[in-house]
Amino acid sequence: MDAVRRQRYLKLLGIEAWRPRTAGSAQTEPASCAAPVAEAPPARALPSVPDSARAFSMPRAKPKPEAPAAPAKTAPVRPQALEVPADWTGLRAVVKDCQACKLCETRTHTVFGVGHEQAPLMIVGEGPGADEDAQGEPFVGRAGKLLDEMLKAIGRSRAEQNPQRAVFIANVVKCRPPGNRDPEPDEVEACRRYLDRQIELVKPRLIVALGRIAAQRLLESDEPLSRLRGPLHRYGASGTPVLVTYHPAYLLRSPREKAKSWEDLKKIHRQLQGQA
Ligand code: URA
Ligand code: SF4
């Protein structure tokens, strides 16, 4: 990691001028759930976000027109009843049509994850935003651009074919929580088995949790991010090492933390090089 990379990374964190996305762009096709419902209002407003961060405060979806009684389709599959395939193809198929929690009612696309299936580094975010919901890929919005820069700073990218430098990126929940709210505990629970299976299949050498939601979920903790960031933790029965850092969306709102984020990136790099 040279000075140029560092400078580029820090500069990116300071960038102010981002073009907001046009509202409604996420509504390209109807949600695939059996029972469409009007989008719930956001559970809680984001902390005040500067104009520059607007693109990340997602455009609100247009309320859906009153739906006529939906033709009786198959009842939603409850998570308890789900068989979670132990192979990538099966897992992708199950997630694509999943109706195990209410987020299926408002999503456009499920967002499975992206990257190398045998990557030594796995990044876990919170859940899709409007851009990700529209495109079906994690971290493609403004926070995603910053994540890509963070990865580049440690010589990695989501498109990397060399398994040594590869990364797999996934989220705690695979469907977008409406109105940019946090995923609710029942949604995190319903989606738990998919992320667990992804980790089992990737077998990363290191998991990086982005932000509080991912950290608490992976570490089964209710400690604040400030307590979880720092030490090396272990995930589940496999004992996979976990490091916690700031979510890139938070960094965009709080550029004061950028220096600490750079320290985290160096630690992640060292851990992956086996020098921690
Ligand atoms: N934020 C996340 O946590 N995940 C995404 O995929 C996009 C934004
Ligand atoms: Fe299924 Fe997860 Fe989407 Fe809920 S968030 S519907 S559990 S894929």
Side-chain angles (χ1 to χ4, degrees), residues 18 21 26 31-37 46 49 53 55-59 75-85 90-115 122-148 150-151 158 167-198 207-218 225 244-253:
W18 291 85
R21 307 237 162 200
S32 58
C33 252
V37 293
L46 276 176
V49 177
F56 197 71
S57 68
M58 297 140 189
V77 183
R78 291 294 142 214
Q80 300 87 311
L82 278 178
E83 267 300 313
V84 181
L91 184 61
R92 281 177 198 277
V94 166
V95 170
K96 185 167 176 287
D97 294 325
C98 179
Q99 300 180 13
C101 84
K102 60 187 175 301
L103 293 181
C104 75
E105 294 164 1
T106 44
R107 75 178 176 225
T108 306
H109 293 111
T110 52
V111 177
F112 182 78
V114 71
M122 186 152 168
I123 303 282
V124 178
E126 181 177 321
D131 295 316
E132 292 76 21
D133 179 62
Q135 296 181 41
E137 183 170 330
F139 286 99
V140 291
R142 190 171 164 246
K145 299 225 166 19
L146 178 52
L147 176 61
D148 285 341
M150 293 162 80
L151 291 173
R158 68 177 75 197
V167 57
F168 190 86
I169 306 172
N171 280 308
V172 167
V173 291
K174 313 303 186 203
C175 303
R176 180 196 176 202
N180 208 20
R181 66 162 168 77
D182 290 348
E184 291 168 0
D186 62 314
E187 297 158 358
V188 172
E189 269 323 293
C191 221
R192 172 178 292 274
R193 57 192 58 213
Y194 300 140
L195 180 60
D196 284 345
R197 183 71 91 213
Q198 287 176 313
I207 303 173
V208 171
L210 298 176
R212 178 182 62 87
I213 300 282
Q216 291 181 340
R217 149 69 176 93
L218 288 167
L225 184 88
V244 175
T245 189
Y246 299 108
H247 193 288
Y250 171 77
L251 290 175
L252 290 169
R253 297 194 297 268

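Read the numbers this way: they start at 1 and go in the same order the structure lists the ligands and their atoms. It should be emphasised that the depicted structure is a prediction, and the values quoted were computed from it without experimental measurement.
In this structure, M122 CE and L195 CG are separated by 5.0 Å, a value rounded to the nearest 0.5 Å. To the nearest 0.5 Å, atom CG of residue L146 and atom CG of residue L210 are 10.0 Å apart. Between the CG atom in L251 and the CG atom in L147 there is a gap of 10.5 Å [rounded to 0.5 Å].
Taking every heavy atom of P138 and a limit of under 4.0 angstrom, the matching atoms of ligand 1 come to 6 (O). Atoms of ligand 1 lying under 4.0 Å from any heavy atom of G125, numbered from 1 in the order shown and given with element: 3 (O). Interface atoms of ligand 2 facing A190, defined by a heavy-atom separation under 4.0 Å, are 7 (S). Less than 4.0 angstrom separates some heavy atom of C104 from each of these atoms of ligand 2: 6 (S). The contact set between ligand 1 and E126, taken as ligand atoms under 4.0 Å from a residue heavy atom, comprises 2 (C), 3 (O). With ligand atoms numbered from 1 in the order given, ligand 1 contributes 1 (N), 2 (C), 3 (O) to contacts under 4.0 Å with heavy atoms of H247.
Among the atoms of C101, an N, O or S atom falls under 2.8 Å from atom 4 (Fe) of ligand 2. Distance check for C175 against atom 3 (Fe) of ligand 2: an N/O/S atom falls below 2.8 Å.
In this structure, F139 and H247 have tilted ring planes: the angle between them lies in the 30° to 60° band.
At least one donor-acceptor pair closer than 3.5 Å links the side chain of E132 to the backbone N or O of G141.
Looking at E132 against ligand 1, only its side chain comes within 4.0 Å, counting heavy atoms. When heavy-atom distances to ligand 1 are checked against a 4.0 Å cut-off, A143 has no atom that comes that close, whether in backbone or side chain.
For atom 6 (S) of ligand 2, the choice among R176, R192, R107, K174 with the nearest heavy atom turns out to be R107.
Atom 1 (Fe) of ligand 2 has as its closest protein heavy atom C98 SG, 2.3 Å. Atom 2 (Fe) of ligand 2 has C191 SG, 2.3 Å as its closest protein atom, hydrogens excluded (heavy atom only).
Looking at ligand 1, you'll find an N or O of G127 within less than 3.5 Å of one of its N or O atoms.
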